[in-house]
Amino acid sequence: MQQVLKSLGFALVGSMHPRILWLSFRPFLIVSVLWGAVIWLSWAPALEILSLFLTSSIFTSWIQDGLIWAGFENARAWIAPLFFVMLLIPLIAISLLVVIAFTTVPAIVRAVSRQPSYKSIEKKNGGGLLGSIIYSVWSALICLALIMLTLPVWWIPPMVAVIPPLIWGWLTMRLMSYDVLAQHASEQERGILLDQYRWQLFGMGIASGMLGAVPTFFWATSALALVLSPLVSFIALWIYSIIFVFAGLWFTHFLLQALKDLRVKEGERALNIDVQVINMELIDHD
């Protein structure tokens, strides 16, 4: 726990550095351009399909009827845009996290590893680019499936504050842990660290996920004004980016220190074994 808090402090300080702020802006820019084009091209046909689905499907027509019964006579005008944005938010957040894992986390690891505390850590390259791609895509697909399965429950007020942080936390833990250790740890060392610090890493991921829920609420409240106020959505997306970059810093400091401690313990264990072997040989010789 002490190392978790110590790494948190390092991450808070490091996230204020101009280079780190730039690293948070770069993936935000990439994802904004890509998803901006997708939304621009698909907005009208997507709303038409969703409107038809929401009014004709027996699974969703009750939502619109219930809103009208509650006094929201204009529900037909904004229920389809709201659903469309609610579907887009998880997709955009997942894509942003994956882009950060590929493009930003390696840069964060390089910057942190230059610090005096971590300069002595040998690089064993236990994770390659192909492995990172497969791991990230597989994790993102699992996360997307979990989101699609639980999305209807998000409308229940207590659940919207519980389920998203758990899902984002799980995905953050998986992606950050793999990419932080890809260059410096061997495959065996990565397995040992992920097993030894499983709950600490999951707790860090959940904390990051709770921070990530902030722009979710921010974005959801601006969903109806998405067309008139796109700037609000871009601000929320940049907040996502800053939070994910902060999480990358946090995981980097924690895991590099954990790797350093692991190798010190392994070195001491190997030295003790050598001493015991020498003593046994001396005893046998006597």
Side-chain angles (χ1 to χ4, degrees), residues 4 7 11 23-24 26-28 30-31 34-35 89-113 118 121-150 163-212 240-241 243-260 262-263:
V4 171
S7 302
L23 289 176
S24 70
R26 185 175 61 183
F28 152 77
I30 295 172
V31 173
L34 292 177
W35 278 103
I89 289 174
L91 295 174
I92 295 174
I94 290 175
S95 63
L96 178 63
L97 183 54
V98 171
V99 169
I100 288 176
F102 278 127
T103 65
T104 305
V105 171
I108 291 175
V109 173
R110 286 194 298 270
V112 173
S113 63
Y118 312 114
I121 300 178
E122 178 188 357
K123 293 182 179 180
K124 294 189 177 181
N125 298 309
L129 178 60
L130 180 60
S132 179
I133 293 174
I134 295 174
Y135 194 81
S136 299
V137 171
W138 177 243
S139 300
L141 289 176
I142 295 175
C143 181
L144 184 59
L146 292 174
I147 289 173
M148 293 298 104
L149 289 173
T150 60
I163 296 178
L166 290 176
I167 295 176
W168 299 139
W170 177 83
L171 183 61
T172 302
M173 177 192 70
R174 283 179 64 88
L175 295 183
M176 296 297 177
S177 299
Y178 186 95
D179 289 317
V180 166
L181 295 172
Q183 292 183 352
H184 290 81
S186 65
E187 186 175 351
Q188 182 181 7
E189 288 174 331
R190 183 173 65 247
I192 292 173
L193 290 175
L194 295 183
D195 183 64
Q196 183 177 353
Y197 297 105
R198 181 183 307 274
W199 294 110
Q200 290 91 330
L201 294 171
F202 188 52
M204 292 164 61
I206 291 177
S208 302
M210 292 177 67
L211 290 174
Y240 269 122
S241 185
I243 290 172
F244 289 150
V245 169
F246 160 77
L249 275 170
W250 193 5
F251 276 82
T252 299
H253 279 286
F254 180 84
L255 286 171
L256 287 184
Q257 184 60 49
L259 177 61
K260 183 179 177 181
L262 175 65
R263 289 181 179 174

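Hydrogens, waters and symmetry mates play no part in the numbers below; they use all other heavy atoms, side chains included.
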Ser208 and Trp250 side chains, donor-acceptor separation under 3.5 Å
no

Please find the pair of heavy atoms, one from [X] and one from [Y], that lie closest to each other, and give the distance.
{"X": "Ile167", "Y": "Cys143", "result": "CG2-SG, 3.3 Å"}
{"X": "Ala140", "Y": "Ile94", "result": "CB-CG2, 3.8 Å"}
{"X": "Ala185", "Y": "Lys124", "result": "C-CB, 4.0 Å"}
{"X": "Trp35", "Y": "Leu91", "result": "CH2-CB, 3.8 Å"}
{"X": "Pro27", "Y": "Thr103", "result": "CB-OG1, 4.5 Å"}
{"X": "Tyr118", "Y": "Val112", "result": "CD1-O, 3.3 Å"}

Reported [atom1]-to-[atom2] distance for the pair [X] and [Y], which is rounded to 0.5 angstrom:
{"X": "Met173", "Y": "Leu194", "atom1": "CE", "atom2": "CG", "value": "8.0 Å"}
{"X": "Leu181", "Y": "Glu187", "atom1": "CG", "atom2": "CD", "value": "12.0 Å"}
{"X": "Leu259", "Y": "His184", "atom1": "CG", "atom2": "NE2", "value": "8.0 Å"}
{"X": "Ile108", "Y": "Thr252", "atom1": "CD1", "atom2": "OG1", "value": "6.0 Å"}
{"X": "Lys123", "Y": "Ile121", "atom1": "NZ", "atom2": "CD1", "value": "10.5 Å"}
{"X": "Leu256", "Y": "Gln183", "atom1": "CG", "atom2": "CD", "value": "10.0 Å"}

Is the shortest side-chain heavy-atom distance between [X] and [Y] below 4.5 Å?
{"X": "Met176", "Y": "Met204", "result": "no"}
{"X": "Leu97", "Y": "Tyr240", "result": "no"}
{"X": "Leu175", "Y": "Ile100", "result": "no"}

Taking CD in Gln196 as the centre, count heavy atoms belonging to other residues, nucleotides or ligands within less than 6.0 Å. Is the count above 12?
yes

Applying side-chain contact (heavy atoms from CB on, under 4.5 Å) to Leu166 and Trp170, what does each step give before you reach the verdict?
CA-CA 6 Å; Leu166 290 176; Trp170 177 83; over 6 Å; no

What's the verdict on side-chain contact (heavy atoms from CB on, under 4.5 Å) for Phe251 and Asp179, showing C-alpha distance, side-chain angles and the deciding distance?
CA-CA 10 Å; Phe251 276 82; Asp179 289 317; over 6 Å; no

Run Leu193 and Leu201 through side-chain contact (heavy atoms from CB on, under 4.5 Å) and show every step you take.
CA-CA 10 Å; Leu193 290 175; Leu201 294 171; over 6 Å; no

Exam field: side chain Ser139 to backbone Leu171, donor-acceptor pair closer than 3.5 Å:
no

For the pair Phe254 and Tyr197, name the ring-plane relationship: parallel under 30°, tilted 30 to 60°, perpendicular over 60°.
perpendicular

Stepwise side-chain contact (heavy atoms from CB on, under 4.5 Å) test for Thr104 and Ser24:
CA-CA 8 Å; Thr104 305; Ser24 70; over 6 Å; no

